[in-house]
Amino acid sequence: MTKILIVEPDITLARLYQSALEKVGHQTLCAQTAQEALFAIEKHRPNTILLEIDMPNHNGLEFLYEFASYSDWTDINIIVLSILRPSLFERMKVSWRHLGVSEYLYKPETSLAALQQTVA
């Protein structure tokens with residue numbers, strides 16, 4: 001069973017993802033901010049993080065850079081599920097792999113079934 005931390009500022013979307021992932025046997029927990037996510041990682045040590053990049057204050061990109069500074073977290077899989085198009089970051093030369101991201105999913109093009117399959 002995979003333990004997944006859902007980092008999503010929209011509580012309605014977080015609950016939707018939580019429900020979909022728990023239906024296929026995953027254990028989930030949610031954080032609405034990057035700071036909550038860092039505390040949750042320390043306390044619960046998830047196997048996978050599902051991350052929205054577009055967050056207020058400490059955004060997802062800043063979270064990824066901070067996350068990458070913890071050498072004992074390198075085995076945690078990160079999947080970005082964001083409203084922001086990946087092409088926006090390609091122009092900025094952001095290296096997702098370097099930041100530990102295994103997949104970048106664009107929310108408007110990702111069904112719950114596709115999310116379940118990607119996390120599996």
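Since we're looking at a predicted model, the values are computed, not measured.
A salt bridge does not link Lys107 with Asp10: every distance from a Lys NZ or Arg NE/NH1/NH2 to an Asp or Glu carboxylate oxygen is 4.0 Å or more.
A donor-acceptor pair under 3.5 Å is absent between the side-chain atoms of Gln18 and the main chain of Ile6, judged by distance alone. Not one N or O on the side chain of Glu22 forms a donor-acceptor pair closer than 3.5 Å with the backbone of Ser19. Checked by atom type and distance alone, the side chain of Lys3 never pairs as donor or acceptor with a backbone atom of His26 at under 3.5 Å. Side-chain N or O atoms of Ser69 include one that pairs as donor or acceptor with a backbone N or O of Glu66 at under 3.5 Å.
Of all the heavy atoms in Ala40 and Pro46, the pair that sits closest is O-CD, 4.4 Å. Taking all atoms of both residues into account, the shortest heavy-atom contact from Asp72 to Arg45 is O-NH2, 2.6 Å. When all heavy atoms are compared, the tightest approach of Ile49 to Phe67 is CD1-CE1, 3.5 Å. Looking at every heavy atom in both residues, Ile83 comes nearest to Glu52 through N-OE1, 3.2 Å. Closest of all the heavy-atom pairs between Asp54 and Ser82 is N-OG, 4.1 Å. Scanning both residues, Thr110 and Leu105, for their nearest heavy atoms gives OG1-CB, 3.6 Å.
Residues Thr33 and Met55 fail the side-chain proximity criterion, which asks for heavy atoms closer than 4.5 Å. Within the 4.5 Å cutoff, no side-chain heavy atoms of Ile76 are placed close to those of Thr48. Proximity of Val7 to Glu36: side-chain heavy atoms (C-beta onward) are nowhere separated by under 4.5 Å. For the pair Val101/Ile79, no side-chain contact is recorded, criterion being any heavy-atom separation below 4.5 Å from C-beta on. For the pair Leu38 and Trp73, the minimum side-chain heavy-atom distance is below 4.5 Å. Using a 4.5 Å heavy-atom cutoff, the side chains of Thr28 and Tyr17 are not in contact.
With hydrogens and angles left out, the side-chain atoms of Glu103 and Thr118 include no donor and acceptor closer than 3.5 Å. Counted by atom type alone, Thr2 and Asn47 present zero donor-acceptor pairs between their side chains at under 3.5 Å.
Annotation: the span from Lys23 atom NZ to Leu112 atom CG amounts to 8.5 Å, rounded to 0.5 Å.
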* For Ile53 and Phe63, what are the C-alpha separation, side-chain angles and deciding distance, and is it a side chain to side chain contact (heavy atoms under 4.5 Å, CB included)? -> CA-CA 9 Å; Ile53 294 295; Phe63 167 83; over 6 Å; no
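The number of heavy-atom neighbours closer than 6.0 Å to CD of Glu109, taken from other residues, nucleotides and ligands shown, is above 12. For Phe39, the CZ atom counts as loosely surrounded, since its 6.0 Å shell holds 12 or fewer non-hydrogen atoms of other residues, nucleotides or ligands. For Asn57, the CG atom is loosely surrounded, since the number of other residues' heavy atoms within 6.0 Å does not exceed 12.
Cluster membership check: Leu64 shares its hydrophobic cluster with Leu84, using side-chain heavy-atom separations under 4.5 Å among Ile, Leu, Val, Met, Phe, Trp and Tyr. In the hydrophobic clustering of this structure, Ile4 does not group with Ile41; members are Ile, Leu, Val, Met, Phe, Trp, Tyr whose side-chain heavy atoms approach within less than 4.5 Å, directly or through other members. Note on Ile11: it does not cluster hydrophobically with Leu29, by side-chain heavy-atom contacts below 4.5 Å among ILVMFWY residues. Cluster membership for Leu61 and Tyr106, using ILVMFWY side-chain heavy atoms within less than 4.5 angstrom, is not shared.
The residue from Ile78, Leu5, Leu21 that alone fulfils the side-chain contact (heavy atoms from CB on, under 4.5 Å) condition with Leu50 is Leu21.
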